[in-house]
Amino acid sequence: MVGWFASSKAGHDKDAIYIIVKEEAEYVYLADGKIRTLEKPKKKNKKHIQIIKKESDDILREKLLNGQQVYNEEIRKAIGGFICQRQM
C-alpha cells in the first residue's frame with residue numbers, strides 16, 4: 001500500500017488526502033507534505049482510511065518503496081496533481 005493515495009474516513013481530518021508512506025500490521029502512516037510531513041507522519045488505523053487510487057507518481061512510489069530520500073515538496077506536488085486531475 002505504500003505510495004497509494006488515501007483519504008481519511010474518520011477523525012478531525014475527515015476527507016483529507018494523503019499518501020501512504022509506511023505500513024504496519026493494522027496501521028498506516030500518512031503524509032501530506034504540509035501539516036503531516038515525512039518527519040511526523042500521521043498514524044492511522046487501516047479501518048479509518050479509504051484508498052482512492054492505487055498508485056501515486058511512479059517515481060515517488062519507487063523512492064518510498066526503496067527507502068530513498070523523499071521530500072515533502074514531492075508529496076505536495078503529487079497530491080496537488082491528483083486533486084487537480086480529480087476536479088476535471
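- The existence of a salt bridge linking Lys47 and Glu26 is excluded, since no basic side-chain nitrogen approaches an acidic carboxylate oxygen closer than 4.0 Å.
- Side-chain contact between Glu39 and Asn72: present, with at least one pair of heavy atoms (C-beta onward) separated by less than 4.5 Å.
- A donor-acceptor contact shorter than 3.5 Å links the side chain of Lys44 to the backbone of Ala10.
- Within the 4.5 Å cutoff, the side chain of Gln69 has no heavy atoms near those of the Lys63 side chain.
- Scanning all heavy atoms of the two residues, the minimum distance from Ile75 to Ala31 falls at CG2-O, 3.8 Å.
- How far OG of Ser7 is from CD of Gln50: 6.0 Å, rounded to the nearest 0.5 Å.
- Side chain of Lys46 to main chain of Ala25: a donor-acceptor pair is present (N/O by atom type, distance under 3.5 Å, no hydrogens or angles).
- Within a 6.0 Å radius of CG in Leu65, more than 12 heavy atoms belonging to other residues, nucleotides or ligands are found.
- In terms of heavy atoms, Arg36 sits closest to Lys40 at CD-O, 3.5 Å.
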(Q) Please determine whether side-chain contact (heavy atoms from CB on, under 4.5 Å) holds for the pair Ile49 and Ile20, giving the CA-CA distance in whole Å, both sets of side-chain angles, and the decisive distance to 0.1 Å. (A) CA-CA 10 Å; Ile49 63 164; Ile20 300 171; 4.1 Å; yes
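- Taken from NZ in Lys43 to NZ in Lys22, the straight-line distance is 9.0 Å, to the nearest 0.5 Å.
- Judged by distance alone, with hydrogens and angles left aside, the side-chain atoms of Glu62 form no donor-acceptor pair with the main-chain N or O of Ile59 at under 3.5 Å.
- Looking only at side-chain heavy atoms (C-beta outward), Ile19 and Phe5 come within less than 4.5 Å of each other.
- In terms of heavy atoms, Gly3 sits closest to Leu64 at CA-CD1, 3.9 Å.
- With sequence neighbours left out, Lys42 forms a salt bridge (charged side-chain N to carboxylate O under 4.0 Å, His left out) with no residue at all.
- Taking CD of Glu24 as the reference point, atom OH of Tyr29 lies at 3.5 Å (rounded to 0.5 Å).
- Using a 4.5 Å heavy-atom threshold, the side chains of Val21 and Val28 count as separate.
- There is no path of hydrophobic side-chain contacts, each under 4.5 Å, that joins Tyr71 to Ile79.
- For Asp32 (side chain) and Ile17 (main-chain N/O), no donor-acceptor pair under 3.5 Å exists by modelled atom type.
- Atom NZ of Lys77 sits in a sparse spot, with 12 or fewer heavy atoms from other residues, nucleotides or ligands closer than 6.0 Å.
- Between the CG atom of Asp13 and the OH atom of Tyr18 there is a distance of 3.5 Å, given to the nearest 0.5 Å.
- One finds the CG atom of Leu60 at 10.5 Å from the CD atom of Gln68 (value rounded to the nearest 0.5 Å).
- Summarising the geometry of Glu23 relative to Met1, their closest heavy-atom pair is OE1-N, 3.4 Å, with the distance given to 0.1 Å.
- Atom CD of Glu73 has 12 or fewer heavy atoms from other residues, nucleotides or ligands within 6.0 Å.
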